[in-house]
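The structure appears below as structure tokens.
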Amino acid sequence: MIGLFDSGVGGLSVLRAMVQDGINDDFIYFGDTKNVPYGTKSKEQILSYTREIMEFFVQNKVDCAVMACNTSSALVYEELCAEFSDKIKIFPLIQSVAPFFKDEKETIGIMATSATVKSFAYTREIKKLNKNVEVIELECQDFVRIVEDRLYNDASAVEYIKKKAEHLKNAGCKKVILGCTHFPYLAPILSKFAPAVEFIDPAKYLVDVVKKDLIFSKPAKISDGRAFSTFKFYVSSAPEEFKKSGSIFFDIKDEVHLAEFAKC
């Protein structure tokens, strides 16, 4: 069983990418809707939230947990790994993505939430393998609100997107990693303002890492696209709102449950 978690609906884009890439399994997705967004929270808060989620996964016999959240990957992966790696395999987003840029020579841009940018996790992980590449991280916290509220035609929102895209374009970035699971939904708009820049959804790299691990350990879990998967969705608050908001990321046909531990 594969568990995925995020602070809200954004991580559903990772689930969708996994299914589209032929990964078949029993999936549990947890959206921490009571504490969204993680991007403005402290490390201590995020560690407290994600510990509960990992305990929830362990209780539900999850084999591997996908951190479908850049902020938690940036701030608490090491702590979660130290506490839970003997019980569950953990796939962190940023640490899984960084090796794919070990040979990059051009300046790499990062668009991410406030907490992710302040951590410099992308810079740190990429430079472990590629010491000479320049990495520029740019805080784009309002992208989360723009996506969740679907403000694609709002003049002030579009101006904000334009400003961020042009900042990295003018800084000489040829590739920009969209370091939050919400951000890939703005790629078409970003590309209008910086057409020469490649805006990258890191989920595809994370999915590739998970898929290779499954091919090695559970080859039957990879198919040619036929669907044999089951899905369970849990949240920490507002299940109906999650189902409605999540529809832009994933076709949720199943009931969304309020997790028991979140009722306390």
Side-chain angles (χ1 to χ4, degrees), residues 2-23 27-40 53 66-73 93 97 111-114 116 140-162 164-165 176-194 198-207 210 225 227 229-259:
I2 298 175
L4 299 92
F5 73 85
D6 190 15
S7 60
V9 298
L12 289 169
S13 61
V14 179
L15 175 60
R16 184 180 67 180
M18 294 178 73
V19 173
Q20 289 177 340
D21 210 21
I23 296 177
F27 291 95
I28 288 183
Y29 182 94
F30 185 89
D32 194 6
T33 45
K34 182 168 65 175
N35 299 306
V36 66
Y38 280 5
T40 58
I53 296 168
V66 176
M67 300 178 74
C69 170
N70 285 267
T71 302
S72 61
S73 179
L93 208 159
V97 168
M111 289 179 159
T113 63
S114 299
T116 299
C140 302
Q141 182 65 45
D142 281 357
F143 280 9
V144 176
R145 178 181 59 85
I146 290 169
V147 172
E148 293 211 346
D149 293 343
R150 308 187 192 193
L151 302 175
Y152 306 125
N153 297 313
D154 178 83
S156 61
V158 173
E159 184 60 30
Y160 178 80
I161 296 168
K162 177 183 178 183
K164 297 297 185 179
V176 172
I177 299 172
L178 300 173
C180 172
T181 49
H182 288 71
F183 293 7
Y185 290 86
L186 298 177
I189 305 174
L190 290 163
S191 294
K192 288 181 181 178
F193 300 120
E198 180 185 358
F199 291 96
I200 298 167
D201 181 357
K204 66 180 183 180
Y205 298 113
L206 173 61
V207 170
V210 175
S229 300
T230 65
F231 304 93
K232 291 183 179 178
F233 299 94
Y234 292 88
V235 292
S236 52
S237 71
E240 289 305 316
E241 180 59 30
F242 173 88
K243 188 169 186 175
K244 179 181 176 182
S245 300
S247 64
I248 63 173
F249 299 91
F250 192 84
D251 184 15
I252 303 175
K253 294 184 172 66
D254 306 86
E255 181 181 356
V256 177
H257 303 276
L258 181 64

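In this chain, residues are counted from 1 in sequence order.
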Any side-chain heavy-atom pair of [X] and [Y] under 4.5 Å:
X	Y	value
T33	E241	no
Y234	F5	no
I28	L4	no
V235	F30	no
T71	C180	no
L178	I200	no
V176	M111	yes
I252	F233	yes

(Q) Go through it in stages, so that I can follow the logic: the residues are D251 and K253, the test is salt bridge (charged side-chain N to carboxylate O under 4.0 Å, His left out), and I'd like the CA-CA distance, side-chain angles, deciding distance and then a yes or no. (A) CA-CA 6 Å; D251 184 15; K253 294 184 172 66; 2.4 Å; yes
Q | V210 and M18: CA distance, side-chain angles, deciding distance, side chain to side chain contact (heavy atoms under 4.5 Å, CB included) verdict | A | CA-CA 9 Å; V210 175; M18 294 178 73; 3.8 Å; yes
Can you tell me how far apart [atom1] ([X]) and [atom2] ([Y]) are? Round to the nearest 0.5 Å.
X	Y	atom1	atom2	result
S13	Q20	OG	CD	10.0 Å
I161	L186	CD1	CG	4.5 Å
S237	N35	OG	CG	8.0 Å
E255	K232	CD	NZ	11.5 Å
L93	L206	CG	CG	4.5 Å
T181	D6	OG1	CG	4.0 Å

By ring-ring contact (aromatic ring centres under 6.0 Å, His included), which residues pair with [X], not counting sequence neighbours?
X	value
F183	F143
F199	none
Y152	none

Q. Which residues satisfy the side chain to side chain donor-acceptor pair (under 3.5 Å) test with E198, sequence neighbours excluded?
A. none
Q | Those residues that, when tested against S7, pass side chain to side chain donor-acceptor pair (under 3.5 Å) (two or more places apart) | A | none
Closest non-hydrogen atom pair, [X] against [Y]:
X	Y	value
A165	F193	CB-CB, 4.0 Å
D254	K243	O-NZ, 3.3 Å
F27	S229	CE1-OG, 3.5 Å

Donor-acceptor pair, [X] side chain versus [Y] backbone, under 3.5 Å?
X	Y	result
S73	C69	no
Q141	S114	yes
S191	P188	no
Y38	G8	no
K204	V14	no

Q: Would you check if the distance from the ring center of F250 to the ring center of F231 is below 6.0 Å?
A: yes
Q. Looking at Y185 versus F249, is the centre-to-centre ring distance below 6.0 Å?
A. yes
Q: Applying side-chain hydrogen bond (donor to acceptor under 3.5 Å, both in side chains), run through T116 and N70 and close with a yes or a no.
A: CA-CA 7 Å; T116 299; N70 285 267; 6.0 Å; no
Q. Near K162 NZ, under 6.0 Å, is it more than 12 heavy atoms from other residues, nucleotides or ligands?
A.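 It does not: K162 NZ has 12 such atoms or fewer within range.
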(Q) Before you tell me yes or no, could you show the steps for V36 and F242 under side chain to side chain contact (heavy atoms under 4.5 Å, CB included), namely the whole-Å CA-CA distance, both residues' side-chain angles and the distance that decides it to 0.1 Å? (A) CA-CA 11 Å; V36 66; F242 173 88; over 6 Å; no
(Q) Please list all pairs meeting salt bridge (Lys or Arg N to Asp or Glu O under 4.0 Å) that have one or both residues in residues 146-157, counting only residues at least two apart or in different chains. (A)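 Found none.
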